[in-house]
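Worksheet for the structure shown next.
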Amino acid sequence: GGIFTATAYLDTSGNFDPFIALAGTHKVFYSFTDAKGCSNTDSSTIVVDSIPDASISAAGPFCKNAGMQTLSPAINTGGAFSTTAYLDTLGNFDPFIADVGSFKIFYSFTDGKGCSNTDSSIIVVDSIPDASISAAGPFCQNEGLQVLSAAINAGGTFTATAYLDTSGNFDPFVANVGSHKIFYSFTDGKGCSNTDSSIVVVDSIPD
């Protein structure tokens with residue numbers, strides 16, 4: 001039935017706001033007057049603990065095919081990430097499952113005093129480029145040098161063999177008769193790479 005001495009963080013009814021009070025030690029006062037008109041005031045110390053840092057170390061962008069990535073807190077380890085289909089509590093992030101786009105992830109940490117905090121970060125997953133090869137062949141073995149090419153993204157490299165150079169020059173005579181699997185790799189401006197393959201057939205020449 002008495003009143004607390006009001007401050008920015010305490011009203012006369014005793015409603016105390018730790019966020020406004022901020023971390024530290026705060027002395028609060030309470031006054032009471034009885035039926036005989038006698039009054040008294042007492043005080044108490046209220047401690048507000050700081051909230052722990054739950055920030056997340058900057059990570060990404062990741063290419064969709066970059067494999068499993070491990071996210072980590074910037075300051076306080078031992079907390080937990082909020083799980084999703086592409087993220088577990090330990091921070092293992094799978095870009096392939098996440099797919100292309102921006103993803104908001106959360107990390108929570110509780111300190112030794114029982115104070116908790118949650119922070120978030122945006123993780124970007126970039127698409128992987130198309131490394132498909134234009135259909136080519138079949139070639140006759142004596143047809144001379146043939147030039148293979150990328151179907152979409154030029155500027156990559158073919159995997160060199162005895163019958164194919166990195167630019168796509170294919171020699172049916174050296175390749176000999178048969179089916180030959182060739183590979184092409186391309187890296188885009190974001191540093192994301194992809195490799196695709198194609199079968200090139202060399203036919204025999206008649207007697």
Side-chain angles (χ1 to χ4, degrees), residues 19 23 49-137 146-170 175 179-201:
F19 188 81
D49 291 327
S50 60
I51 53 176
D53 190 318
S55 58
I56 303 164
S57 295
F62 301 122
C63 301
K64 183 180 175 180
N65 61 351
M68 191 71 76
Q69 304 293 320
T70 301
L71 310 181
S72 61
I75 306 292
N76 289 307
T77 58
F81 287 87
S82 298
T83 58
T84 65
Y86 48 82
L87 177 69
D88 66 15
T89 56
L90 299 177
N92 296 306
F93 179 86
D94 191 331
F96 189 82
I97 294 177
D99 212 343
V100 177
S102 297
F103 304 89
K104 193 169 190 178
I105 54 101
F106 297 88
Y107 176 74
S108 300
F109 178 79
T110 302
D111 65 16
K113 295 176 180 178
C115 294
S116 301
N117 199 8
T118 299
D119 205 350
S120 63
S121 183
I122 300 294
I123 306 295
V124 174
V125 178
D126 289 328
S127 61
I128 52 177
D130 190 318
S132 58
I133 303 164
S134 296
Q146 304 294 316
V147 180
L148 308 182
S149 61
I152 305 293
N153 290 306
T157 58
F158 288 86
T159 301
T161 65
Y163 49 82
L164 177 69
D165 67 14
T166 57
S167 298
N169 297 303
F170 179 88
S179 297
H180 306 277
K181 193 170 189 177
I182 54 98
F183 296 88
Y184 176 74
S185 299
F186 178 80
T187 301
D188 64 17
K190 295 177 179 177
C192 293
S193 300
N194 199 9
T195 299
D196 206 350
S197 63
S198 182
I199 301 295
V200 178
V201 175

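Of all non-hydrogen atoms in Thr187 and Ser193, the two that sit nearest each other are OG1-OG, 2.6 Å. In this structure, Ala85 and Ile97 approach most closely via the heavy-atom pair O-CG2, 3.7 Å. Between Phe62 and Ala59, the shortest heavy-atom distance links the atoms CZ-CB, 3.8 Å. Among all heavy-atom pairs drawn from Cys63 and Pro95, the shortest one is O-CB, 3.5 Å.
The number of heavy atoms from other shown groups lying within 6.0 Å of CZ (Phe96) does not exceed 12.
Between the NZ atom of Lys104 and the CD1 atom of Ile123 there is a distance of 12.5 Å, given to the nearest 0.5 Å. Taken from CG in Asn65 to CD1 in Ile128, the straight-line distance is 4.5 Å, to the nearest 0.5 Å. Note that the CZ atom of Phe186 and the OG1 atom of Thr157 stand 10.5 Å from one another [nearest 0.5 Å]. Going from atom CD1 of Ile133 over to atom OG of Ser149 covers 9.0 Å, rounded to the nearest 0.5 Å. Atom CG of Asp88 and atom OG of Ser82 lie 11.5 Å apart (nearest 0.5 Å). Put simply, CD1 on Ile182 and CG on Asp196 are 9.0 Å apart, with the number rounded to the nearest 0.5 Å.
The aromatic rings of Phe93 and Tyr86 sit perpendicular to each other, their planes meeting at more than 60°, with 30° as the lower class boundary.
Judged purely by atom type and a 3.5 angstrom limit, Tyr184 has no side-chain atom pairing as donor or acceptor with the backbone of Ala150.
Using a 4.5 Å heavy-atom cutoff, the side chains of Cys192 and Lys64 are not in contact.
Looking at Asn194, Val100, Asp99 one by one, the single match for side chain to side chain contact (heavy atoms under 4.5 Å, CB included) with Ser127 turns out to be Val100.
Donor-acceptor pairing under 3.5 Å is recorded for the side chains of Asp130 and Ser132.
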